[in-house]
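Numbered from 1 within each chain, the chains take letters A, B, ... in sequence-line order.
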Number of protein chains: 2
Amino acid sequence: MQPHALQVFRAVAEHGSITAAARTLRYTQSAVSRQIAALEAETGAILFDRLPRGVALTEQGRCLLGHAEAVLDRLDAARRDLAALRELTAGRLRVGAFPTAVAALVPRALATFRSAHPGVALSLVEGLTPGLLERLLAGDADVAVLSAASDQPLDDERFDLHHLVDEVLLVAVPRTHRLAHRRTVRLRELADDAFIAGSADAEKTLLRATLPADFRPRIDIVAAEWTGKLGCVAAGLGVALIPALAVRAAPPDLALLRLHPDDASVRRVFAATVAGRSRPPAVHRFLDHLDTAAAGLGLPDHPSGSGVTPGNTN
Amino acid sequence: MQPHALQVFRAVAEHGSITAAARTLRYTQSAVSRQIAALEAETGAILFDRLPRGVALTEQGRCLLGHAEAVLDRLDAARRDLAALRELTAGRLRVGAFPTAVAALVPRALATFRSAHPGVALSLVEGLTPGLLERLLAGDADVAVLSAASDQPLDDERFDLHHLVDEVLLVAVPRTHRLAHRRTVRLRELADDAFIAGSADAEKTLLRATLPADFRPRIDIVAAEWTGKLGCVAAGLGVALIPALAVRAAPPDLALLRLHPDDASVRRVFAATVAGRSRPPAVHRFLDHLDTAAAGLGLPDHPSGSGVTPGNTN
DNA sequence: ATCCCGCCATGCTCTCGCGGCATGGCTGGC
DNA sequence: GCCAGCCATGCCGCGAGAGCATGGCGGGAT
């Protein structure tokens, strides 16, 4: 009952002739004759009547033919489905990402991925690093984009980490600011500036880990969204800290300065998968899209990278 | 993608372990490992994640598993169906028979066949020999019970003939008839008796071929049915010719005498199938039932058989 | 009527697939 | 730190299966 034998059987049934079937199958007549004989011995049924001019299905042969075609069709379907998964014309990709990454990096990667592989169902869930790792281990996500401070190496052996970019911290200042022409500034140079914070809580979770503990910015205005924050800066109300990943496009009315590495610990951004678990083709391909999206952001992919050149207008 | 490999694959997926699957399959671990590796090479997909404690299906593995189970189930169904056809728990049997045979012979065979194999769908169609042969060749019947006069040998090479009985012609006479004690009579001894015919037409088709052309019976009464015919005979209205096959049970109130072979050509009754065409198990088995039914009728299965002992009451 | 041709079955040979045996690498638990 | 269990792989032997050749058989053409 091997599919090979069933194919031969189907061909013989279609042609009504062993010799003709052998020709189209590129086999010798004897091989096909033996296959049929073996199938008849295995099933204990006479499948064909041997007529003087070829063969004809018996009732038992017709019975088997239906099953044989169903089996062969299903095997083809299996091959097609696996090929679709491999060729990324089907399947799904579940991405997890930390909040800053969903601003531009991951969406852009998803966009190019989707246009390249429209058949793959995409899902994106935002979360913090511990939760994302949890999802990965539980099998609820295929890949997670997460960040880790360089002094907190996230060396967990359970994950494979693919380095994407370094999340540098930028200082947004008005075009008219005295430091607007600088590429890099030190925190102490901003000691007298008014800072525009996000929410008090967000500022804590986002910046506390990266800024030196002794730096206490003077906070005048709280603006919950990055857009509002940058608007305040552009209006000359103060300066703001903003992770480079959160910048979607080069704002024309303000300057973005890199913070000196000694003042802010660089957080490395990774794509994480579960170690020892096979990367499905979709995940594998998505990492490429993440790489190009990261390169398109113009951020350094390693700590000694070049200057800040925010990404193109979207 | 051989079913063997799919079985191994399913077992490994169920056990989550190559070693455990190998144990239940009575294989060595290495054989199963190779099967999985070969399947992965063939499909171009990684089917399992190798964990430190066994293996776990990947997404592609789950994709294949559904198809594999469907294929294996369908193969089992095919085997079951073929076995059912072979064991006669399913299928159909289409019987054709000439009119006299449907009186007792064929119905009895069908009855015992049905009680032995209730799963087989039976159909019976009555017809004359030429039509029955037509049906056989056209594939509209699986077996045909027909009769042929011994001088018209029906030696067609296209059919396989299985001899069942010889259709002797009986003479029904009242118990009080002067010949009631005889076992065999000559036609000329009945020259003065009144004959009870079936329809004029039936008498022609049925008897003209078997009786000598110069015999002109004196017909007083026409009774269309065998029952009525025999009733008239029992009432003393005359005598009647009746093929032995049409006698369902020994009638207590009349005597059945065999006609001398020289007076009536014996018609041989066969079960015919198409020559060179395989006999399905149902047909093969039905021939046995026909044989026992024929034996149960108590008629000679060859011209030199013993006397008339009509079948048991049904 | 005879010959020939096409069809299917089968004995023989060889090759490759596949299973068993043994070993080696790896990881988690006592 | 050792051991036990799991999986992968080199090696070997057997059997399934394909090709080659032959033979039987029946139908159609000459």
Side-chain angles (χ1 to χ4, degrees), chain A residues 1-43 45-58 61 137 155-160 274-278, chain B residues 1-43 45-58 61 137 155-160 274-278:
Chain A
M1 287 288 231
Q2 287 148 346
H4 202 209
L6 295 183
Q7 276 184 355
V8 171
F9 169 68
R10 181 175 58 177
V12 172
E14 283 174 359
H15 285 82
S17 155
I18 289 181
T19 304
R23 266 197 296 269
T24 68
L25 293 172
R26 302 291 195 165
Y27 283 157
T28 60
Q29 174 266 330
S30 73
V32 176
S33 175
R34 265 187 231 280
Q35 286 280 356
I36 299 301
L39 201 56
E40 286 182 330
E42 182 183 353
T43 59
I46 296 177
L47 302 175
F48 291 101
D49 282 327
R50 272 66 171 180
L51 307 179
R53 233 56 183 170
V55 297
L57 276 176
T58 63
L137 286 177
D155 57 354
D156 199 316
E157 297 289 341
R158 294 176 298 174
F159 301 100
D160 280 336
V274 179
R277 192 171 296 180
S278 84
Chain B
M1 285 289 234
Q2 288 149 343
H4 202 209
L6 294 183
Q7 278 184 353
V8 171
F9 170 68
R10 181 174 60 179
V12 171
E14 282 174 0
H15 286 82
S17 154
I18 290 181
T19 304
R23 266 196 297 270
T24 66
L25 291 173
R26 300 292 194 166
Y27 283 157
T28 59
Q29 173 266 328
S30 72
V32 176
S33 175
R34 265 187 232 279
Q35 287 278 359
I36 299 301
L39 202 56
E40 287 182 329
E42 183 182 354
T43 59
I46 296 176
L47 302 174
F48 291 102
D49 282 326
R50 272 65 171 182
L51 306 179
R53 234 54 184 173
V55 297
L57 276 175
T58 63
L137 285 178
D155 57 354
D156 199 318
E157 297 291 340
R158 296 174 300 174
F159 302 100
D160 280 336
V274 180
R277 193 171 295 181
S278 85

Novice: Between A:Thr28 and D:dC20, does any side-chain N or O lie under 4.0 Å from OP1 or OP2?
Specialist: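 Checking A:Thr28 against D:dC20: no side-chain N or O falls below 4.0 Å of OP1 or OP2.
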Novice: B:Arg50: what forms a side chain to side chain donor-acceptor pair (under 3.5 Å) with it, not counting sequence neighbours?
Specialist: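 B:Arg50 satisfies side chain to side chain donor-acceptor pair (under 3.5 Å) with B:Glu40 once adjacent residues are dropped.
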Novice: Would you say A:Thr19 and A:Ser17 are linked by a side-chain donor-acceptor pair, where the criterion is simply a distance under 3.5 Å?
Specialist: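 Per modelled atom types, A:Ser17 and A:Thr19 side chains form no pair under 3.5 Å.
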Novice: Nearest to the side chain of A:Ser17 - D:dC7, C:dC8, D:dG19?
Specialist: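 It is C:dC8.
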Novice: How many angstroms lie between atom CG of A:Leu25 and atom CZ of A:Arg10, to the nearest 0.5 angstrom?
Specialist: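 Output value for this atom pair is 9.5 Å.
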Novice: Separation of A:Arg23 atom CZ from C:dC8 atom P, in whole Å?
Specialist: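 About 9 Å, once rounded to whole Å.
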Novice: Look only at the side chain of A:Asp49 and the backbone of B:Ser278, and say whether a donor-acceptor pair between them is shorter than 3.5 Å.
Specialist: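 Checked: pair present.
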Novice: Under 4.0 Å between a side-chain N/O of A:His4 and OP1 or OP2 of D:dA18, yes or no?
Specialist: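 For D:dA18, OP1 or OP2 has a side-chain N or O of A:His4 closer than 4.0 Å.
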Novice: Take A:Tyr27 and A:Val8 through the side chain to side chain contact (heavy atoms under 4.5 Å, CB included) test and state the conclusion after the steps.
Specialist: CA-CA 10 Å; A:Tyr27 283 157; A:Val8 171; 4.3 Å; yes
Novice: Rounding to an integer number of Å, can you tell me how far B:Tyr27 OH sits from C:dC21 P?
Specialist: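 So the OH-P distance, B:Tyr27 to C:dC21, works out to 14 Å.
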Novice: A:Leu25 CG to D:dG17 P: how many Å, rounded?
Specialist: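 My rounded result for the distance is 15 Å.
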Novice: B:Glu42 versus B:Leu39: any side-chain heavy-atom pair under 4.5 Å?
Specialist: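 They are in side-chain contact.
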Novice: What is the distance from CG of A:Leu39 to P of D:dA16, rounded to the nearest Å?
Specialist: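 In whole Å, D:dA16 P and A:Leu39 CG are 16 Å from each other.
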Novice: Between C:dG19, D:dG26, C:dG28, spot the one nearest the side chain of B:Gln35, thanks.
Specialist: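 Selected nucleotide (nearest to the side chain): C:dG19.
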Novice: Tell me the interatomic distance from B:His15, atom NE2, to D:dC7, atom P, rounded to whole angstroms.
Specialist: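 The answer, rounded to whole Å, is 12 Å.
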Novice: If you take all heavy atoms of A:Ile18 and A:Ser33, which pair is closest and at what distance?
Specialist: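 For A:Ile18 versus A:Ser33, the nearest heavy atoms are CG2-N, 3.8 Å.
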Novice: Got a list of protein N/O to nucleotides 9-13 of chain C N/O distances below 3.5 Å?
Specialist:
unit_1, atom_1, unit_2, atom_2, d
C:dA9, OP1, A:Arg50, NE, 2.4
C:dA9, OP1, A:Arg50, NH2, 3.1
C:dA9, OP2, A:Ser33, OG, 2.8
C:dA9, N7, A:Gln29, NE2, 3.1
C:dA9, N6, A:Gln29, OE1, 3.1
C:dG11, N7, A:Arg34, NH2, 3.2
C:dG11, O6, A:Arg34, NH2, 2.4
C:dC12, N4, A:Arg34, NH2, 3.0

Novice: Does C:dG17 have its OP1 or OP2 closer than 4.0 Å to a side-chain nitrogen or oxygen of B:Gln2?
Specialist: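 So the side-chain polar atoms of B:Gln2 never come under 4.0 Å of the phosphate oxygens OP1 or OP2 of C:dG17.
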Novice: Can you tell me how far C1' of C:dG29 sits from CZ of B:Arg53, to the nearest Å?
Specialist: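 Rounding to the nearest Å, CZ of B:Arg53 and C1' of C:dG29 are 7 Å apart.
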